[in-house]
Structures are given as structure tokens and as C-alpha cells.
Amino acid sequence: MKKTLLVALAAALVLSCLSLSACGGSSGGSDKTQTAESLSSAMLKATGATERLALLDEKVVNNLYDFDPAFTDDYQVYYNLNGDSVEEISVFHAAGDQKANLKEMLEGRIATVKAQASNYPTDFADQIAMADTAIILEKGDYLALVISAGPDAAQKAFNECF
């Protein structure tokens with residue numbers, strides 16, 4: 001009985017540590033302990049998109065977004081490279097006073113994705129719906145774009161990181 005209790009307590013401790021480390025271990029308040037990587041990783045796991053989306057480099061990000069590297073000092077953009085989905089998760093940390101510029105950039109990206117999705121055939125209704133439910137999340141100097149079938153799960157994961 002004691003052995004079972006110890007095993008259960010150890011498992012609970014390990015799970016607690018894992019849930020904290022998924023977001024950099026922040027206990028609230030400041031976004032300084034977060035990174036674009038930790039936030040995007042938490043959202044990818046929450047939406048189950050880890051295997052479907054690939055991390056993009058700056059050159060590709062420049063092609064997708066109206067991107068100015070001066071807007072951000074830390075970012076991660078995950079995108080479906082197969083071309084069969086509009087799914088995308090990105091996180092940007094505003095450099096200095098660039099948060100408004102970043103938000104405008106993300107709003108432009110949503111508009112582009114919605115315009116592209118509107119041209120899809122009707123058998124891609126799930127992709128059109130995904131584009132229509134795209135959201136921008138904000139906390140401190142972090143902004144995240146979520147185009148996913150599970151935006152609520154991504155939002156919850158993002159918020160739990162702070």
C-alpha cells in the first residue's frame with residue numbers, strides 16, 4: 001500500500017514538473033521567462049499539431065508575412081508545408097515598442113489566409129472554418145497567431161504559460 005502511494009506521488013510530481021517546463025516554468029506575472037519556443041511548443045502540443053507543422057526560417061517567414069525583423073527579438077512560426085491545410089501557429093515577442101506593428105502584421109496574415117481559403121473548393125470546408133476562427137493572442141509583449149481546428153486549446157496553453 002505504501003509502495004503504491006509513493007509511486008502515485010512520484011508520478012504526480014513528475015507530471016507537475018513537466019507541465020511547468022512546457023512553458024519555461026513561469027509562475028505568473030512576467031513574460032521574461034517565456035520564449036517564443038516555449039510558448040509555441042505548448043500550443044503545438046495542446047492542438048496536437050506537433051507532427052503536422054514545421055518550423056520556418058526567416059526567409060520563408062518573409063514570404064508569408066509582411067515581416068520586418070526589427071519588429072521582434074524572438075519568434076517561431078510553424079506552418080503546414082504540405083499545402084493541404086491552412087493550419088499555422090506563430091509566436092512573436094515585440095522588440096521595444098513594436099507590439100502594434102506586430103499585431104498589424106498578424107492581422108494582415110489572417111486576412112491573407114482567409115482570402116486564400118475563400119477560393120478553396122467546398123470539400124475544404126474544414127480549412128475555411130479554420131481560417132475563419134483564426135485568433136491573435138496577447139500577453140505582455142508576446143503575440144501569437146493561431147490558425148487551428150483547436151484554437152481554444154492553443155489559447156488555454158498560451159495563457160497557462162504566464
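Just so you know, these numbers use all the heavy atoms, side chains as well, and skip hydrogens, waters and symmetry mates. Numbers here simply count residues along the sequence, with the first being 1.
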Exercise. Can you tell if the side chain of E58 reaches within under 4.5 Å of the side chain of P69, non-hydrogen atoms only?
Worked result: yes
For this session: State the CG-CZ distance between D126 and F124, to the nearest 0.5 angstrom.
Result: 8.0 Å
Exercise. Any side-chain heavy atom of S40 within less than 4.5 Å of one from Y78?
Worked result: yes
Problem set entry | Side chains of L64 and L56 in contact at under 4.5 Å (non-hydrogen atoms) | yes
Exercise. Using the benzene-type ring in the case of Trp, are the ring centres of Y65 and F92 under 6.0 Å apart?
Worked result: yes
Problem set entry | Ring center gap for Y142 and F158 short of 6.0 angstrom | no
For this session: Flag the pair L39 / F162 as yes when at least one side-chain heavy-atom distance between them is below 4.5 Å, and no otherwise.
Result: yes
Exercise. Is there a donor-acceptor pair closer than 3.5 Å between any side-chain N or O of D57 and the backbone N or O of K59?
Worked result: yes
For this session: For N80 and L53, indicate whether the former's side chain and the latter's backbone hold a donor-acceptor pair under 3.5 Å.
Result: no
Exercise. Under a 4.5 Å cut-off applied to non-hydrogen side-chain atoms, are E107 and K103 in contact?
Worked result: yes
For this session: Could you tell me whether the side chain of L143 reaches within less than 4.5 Å of the side chain of L137, counting heavy atoms only?
Result: no
Exercise. Between L106 and S90, which heavy-atom pair has the shortest distance, and what is it?
Worked result: CD2-OG, 4.2 Å
Exercise. Is L55 linked to L145 within one hydrophobic cluster, defined over Ile, Leu, Val, Met, Phe, Trp and Tyr using a side-chain heavy-atom separation of less than 4.5 Å?
Worked result: no
Exercise. About how many Å separate CD of Q76 and CE of M43, when rounded to the nearest 0.5 Å?
Worked result: 10.0 Å
Exercise. Between S38 and T35, does any side-chain donor sit less than 3.5 Å from a side-chain acceptor?
Worked result: yes
Problem set entry | Close side-chain approach of Q127 and S85, heavy atoms under 4.5 Å | yes
For this session: Identify the two heavy atoms, one from A49 and one from E87, that lie closest to each other, and give their separation to 0.1 Å.
Result: CB-OE2, 3.5 Å
Problem set entry | R52 side, atom CZ; D84 side, atom CG - distance, nearest 0.5 Å | 10.0 Å
Exercise. Do T47 and I89 touch side chain to side chain, with heavy atoms closer than 4.5 Å?
Worked result: yes
Seminar exercise, completed: Correct closest heavy-atom pair for A144 and V91 would be CB-CG2, 4.1 Å
For this session: Please say whether more than 12 non-hydrogen atoms of neighbouring residues, nucleotides or ligands are located less than 6.0 Å from CD in E138.
Result: yes
For this session: Indicate the atoms forming the closest heavy-atom contact of A134 with I147, along with that distance.
Result: CB-CG1, 3.7 Å
For this session: Considering non-hydrogen atoms only, spot the tightest contact between A157 and A46 and give its length.
Result: CB-CB, 3.6 Å
Problem set entry | Distance in Å, I135 CD1 paired with I110 CD1, rounded so as to fall on 0.5 Å steps | 8.5 Å
Exercise. For Y120 and V86, what are the C-alpha separation, side-chain angles and deciding distance, and is it a side-chain contact (heavy atoms from CB on, under 4.5 Å)?
Worked result: CA-CA 11 Å; Y120 286 0; V86 297; 3.4 Å; yes
For this session: Indicate, with yes or no, if I136 and L44 share a hydrophobic cluster defined by side-chain heavy-atom contacts under 4.5 Å among Ile, Leu, Val, Met, Phe, Trp and Tyr.
Result: no
Problem set entry | T72 (side chain) donor-acceptor with H93 (main chain) under 3.5 angstrom | yes
Exercise. What heavy-atom pair brings V113 and A131 nearest, and what distance separates the two atoms?
Worked result: CG1-CB, 3.9 Å
Exercise. Looking only at side chains, do N101 and E104 share a donor and an acceptor under 3.5 Å apart?
Worked result: no
For this session: Determine, using the 4.5 Å side-chain heavy-atom cutoff (strictly less than), whether V77 and V146 are members of one ILVMFWY cluster.
Result: no
Exercise. How about D66: does its CG atom have over 12 heavy atoms from other parts shown lying under 6.0 Å from it?
Worked result: no
For this session: Give a yes or no on whether K114 atom NZ has more than 12 heavy-atom contacts from other residues, nucleotides or ligands under 6.0 Å away.
Result: yes
